[in-house]
Amino acid sequence: MDCLASDHLFEHLNPQQRFAAQHGEDPLLIVAGAGTGKTATLVHRVAWQIAQGIDPGRILLLTFTRRAAAEMIRRAERVIERTFGRPGSTHARPPITRLWAGTFHAIATRLLRRYGKAIGLAPDFGIHDRSDSEDLMHLVRTELHLAKTDKRFPQKGTCMAIYSRCVNARQPLPDALATHFPWCMDWTEELARLFDAYVDRKEQMGVLDYDDLLIYWHALLTAEGAGDLVRQQFDRVLVDEYQDTNLLQAEILYALSPEGRGLTVVGDDAQAIYSFRAATVRNILDFPKHYPNASVVTLEENYRSRQPILDATNAVIAQAAERYAKNLWSKRSGGSRPVLVTCEEEEDQSDFVIRTILAHREAGIALRRQAVLFRASHHSILLEAELARRGIPFHKYGGLKFVETAHVKDLMAFLRLAENPRDVVSGNRILALLPGIGPQTTARLMGRLAEAGDFSVWTDWKPPAAATEIWPKFVKLLSDLHRTQAELTTQVHQVRLFYQPLLEDRYDNPHPRARDLEQLEALASRYADRATMLAEITLDPPASTQDLAGPPTLDDDYLVLSTIHSAKGLEWDAVYVIHASDGNIPSDMATGTREEVEEELRLFYVALTRARDWLYVSFPLRYYHYRGGDRFSLAQRTRFLSKAVLKHFACRTVLAERTAERPALGDEVHPHVTSPSIRNRTKRYWS
DNA sequence: GTCACAGAAATTTTT
DNA sequence: TTTCTGTGAC
């Protein structure tokens, strides 16, 4: 490529970024602090590799979410267009669409559909998401009569979590139990039996769960013959968010490129927040040990946050135990210190956040450039209600997704059973919808169906009295769907017609649910066929209900609410971190070990480093427990805001503001009256 | 066998 | 609040 274009390509990068982008074939670790232009560097590296003559179809780019992959491709396209599209450039623009970009799971799916046969995997395998896997675990658990014991057996979700840890951390069951689930150690033998049966059932059904996608990919790479085939497919492998990969993923990378030739990983050990998914910081910390000829580049110039915010976040992360030393600095000086807001009640917190958001909007910061972040999905319930009441539009990311609601899962289960009659999980789900058909009948019916593989075995079955009318219609619907060539939207429509009366019968509020299903029908038109839709929705579920309406237009402004986990990699002008009290951050669920608390600290750090210009951290002094009646407890500021860290914050209380501003805002909005005794009791937290 | 109900228990973050 | 298990009526 000519040097003119090369200069142009890199003129926006700083020396470290440029070094990383232009590094050769040897393994490279880019330690990129928050906001240091990690994506830009990775994108330029891809562009540079293409400019060097590497075929985009031979570059593998692994990201943490599909959203990140799409963003990466979009930006790489722009950089390449700038480079190759210049007058004077003699090169044809290489087709970036051939780039292999996606999550580990999405790429695994693609490779396994293509090469799976080599390891005995049929290419039309189905994919189970987390909740499908839990349902199957539950089914197998019932079959093994593990519930029938005097002591309570672990719940399906716990069983799944244990199984998943063994697989992803490549850890024997007793070890996994001892380190992460000590309260389940009495069940070691039963759990082993359960997992055995679970694995067999998946095989019979022809489905893979999330973990299987990684296991089979790894198996493919280590298989004689097939492994070389996959390895030869890629000249370059780039991995984003490397700090959140697990041991199995690290071994996949190792199997892809044992010497690390062509391997680039990018990450920030200070932002490792997925150990509950068996991710391990060791992958990034030990990268130079695993690949002895690796180079390490550290990016420290922050382009995101103003210096006062950086000072605060640097102080927060300085409390972490082991990490690559980084000291982020910014040329974006000026700006105000982050604010710690102590609120009396949760209502005060919502009120403060909304008032501040609106004030910023008045000053020209659109809603979409502001975000409210929280540890757990339910932390935003009250705020959501208040936003809705005041007519402020918002999108919520994380937490319960559209496709996880019962009615959507019901409808999808029809499609899935039609696609794969051996899918016991889907079969169980929809048979249970029919009147007069319970667990016993379901088990027998699914047994017969799995044997025959065709719905005709159900035609001559005599249903119980309650189901005589619906049964023939039900069987006809599924046989038709099983064989159909009809448009996907038509199929969804047929299911919807059949399901509507069941839905009305089953739920108190059927109307919004019915509307969701109409949306699902519209969504179906985006996919080529049924199998594609089922797989894609499992691997990449719509992040928020509002996403279904299609890409938002420019003038359509909304506030972002997100769990901290879902906010990873993103940034906003103004960020509000709510419920920053001990018990929420760190979560009560995660204070068992030192490592867990460390991870919560990093999580808090991730939240704070999303902010560009304004950062507000708040917590209510009174925290209501939603479970177990009306009890509440007095909350304390998160332990991560130690005295030393607080020096970088301006501290305010909503109490003080309240007396001054309350009349103007109107007490009728929040007629809540707090007793003086609480008021006095709480004062010690800030006086 | 199904179904509705009661009481107890767990309780986060996501590909 | 949801999830799980046991009980008793049909």
Side-chain angles (χ1 to χ4, degrees), chain A residues 62-69 102-109 127-131 133-135 138 141-142 146-161 164 168 183 208-214 241 244-246 248-249 272-279 373-379 381 397-401 403-404 406 431-432 434-444 463-467 535-541 543 562-568 579 583-592 596 599-600 602-604 606-607 625-629:
Chain A
L62 292 160
T63 57
F64 198 73
T65 61
R66 286 232 174 161
R67 200 154 139 213
T103 62
F104 272 85
H105 296 84
I107 297 293
T109 305
I127 303 169
H128 270 185
D129 68 13
R130 176 62 185 259
S131 103
S133 307
E134 285 181 7
D135 288 348
H138 180 71
R141 187 176 69 155
T142 315
L146 287 172
K148 293 265 182 283
T149 41
D150 23 318
K151 257 185 27 183
R152 223 185 164 103
F153 194 76
Q155 289 203 2
K156 60 179 181 185
T158 313
C159 296
M160 199 57 223
S164 200
N168 285 293
W183 64 93
L208 301 187
D209 61 23
Y210 283 147
D211 302 331
D212 286 335
L213 290 171
L214 302 183
E241 308 282 8
D244 284 321
T245 54
N246 60 42
L248 181 52
Q249 289 168 316
I273 54 174
Y274 274 90
S275 77
F276 70 93
R277 240 168 69 181
L373 308 182
F374 33 86
R375 172 67 176 88
S377 184
H378 67 260
H379 287 162
I381 290 173
Y397 295 90
L400 187 74
K401 294 189 188 97
V403 290
E404 284 161 359
L431 284 169
L434 306 180
I437 296 180
Q440 305 294 321
T441 315
T442 295
R444 258 184 283 126
E536 297 262 312
I537 283 191
T538 308
L539 290 172
D540 184 29
S562 175
T563 58
I564 301 173
H565 283 91
S566 293
K568 186 164 123 151
H579 283 295
N584 290 326
I585 309 176
S587 164
D588 272 335
M589 315 302 308
T591 43
E596 283 178 317
E599 174 145 324
E600 295 286 308
R602 294 191 296 264
L603 192 60
F604 187 53
V606 167
H625 300 270
Y626 296 101
R627 286 175 282 269

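Order of the sequence lines fixes the chain letters, A, B, ..., with proteins taken first and strands second; residue numbering starts at 1 for each chain. As a basis for the values below, the full set of heavy atoms in this structure was taken, side chains included, without hydrogen atoms, waters or symmetry mates.
- For the OP1/OP2 pair of B:dT14 and a distance below 4.0 Å, the side-chain nitrogens and oxygens of A:T65 include no atom meeting the criterion.
- Of the possible donor and acceptor atoms, one in the side chain of A:H565 sits under 3.5 Å from a partner among the backbone N and O of A:I273.
- Within the 3.5 Å criterion, the main-chain N or O of A:Y274 finds a donor-acceptor partner in the side chain of A:D244.
- Residue A:F276 and nucleotide B:dT13 are classified as a stacked aromatic pair, their ring centres being separated by less than 5.5 Å at an interplanar angle below 30°.
- Nearest heavy-atom pair across A:E600 and A:I585 is O-CG2, 4.4 Å.
- Across B:dG1, B:dT14, C:dT3, the shortest atom-to-atom separation from the side chain of A:R130 is found for B:dT14.
- Every side-chain contact (heavy atoms from CB on, under 4.5 Å) that A:K156 has, sequence neighbours left out, goes to A:E134, A:D135, A:H138.
- Residue A:R66 is out of contact with every strand shown, counting any heavy-atom pair closer than 4.0 Å.
- Distance, A:D211 CG to B:dT14 C1': 12 Å, rounded to whole Å.
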Show me the protein contacts with nucleotides 3-6 of chain B, counting only N or O atoms at under 3.5 Å.
from: B:dC3; atom 1: OP1; to: A:G436; atom 2: N; distance (Å): 2.5

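- Judged by closest nucleotide on DNA chain B, A:T441 is the one of A:T441 and A:A376 placed further toward the 5' end.
- Following rounding to the nearest Å, A:I585 (CD1) and B:dT13 (P) show an atom-to-atom distance of 13 Å.
- Atom C1' of nucleotide B:dT12 and atom CD of A:E600 are separated by 8 Å, given to the nearest angstrom.
- The side-chain contact (heavy atoms from CB on, under 4.5 Å) search around A:P435 returns A:A466, A:I470, not counting sequence neighbours.
- Taking only side-chain nitrogens and oxygens, A:S377 never comes nearer than 4.0 Å to OP1 or OP2 of B:dT12.
- Within the nucleic acid shown, A:Y274 comes within 4.0 Å of sugar-phosphate atoms alone, with no base atom in reach, counting heavy atoms only.
- Side-chain atoms of A:E599 do not come within 3.5 Å of backbone N or O of A:E596 as any donor-acceptor pair.
- Along DNA chain B, the nucleotide nearest A:L539 and the nucleotide nearest A:R444 are compared for position; the residue whose nucleotide lies closer to the 5' end is A:R444.
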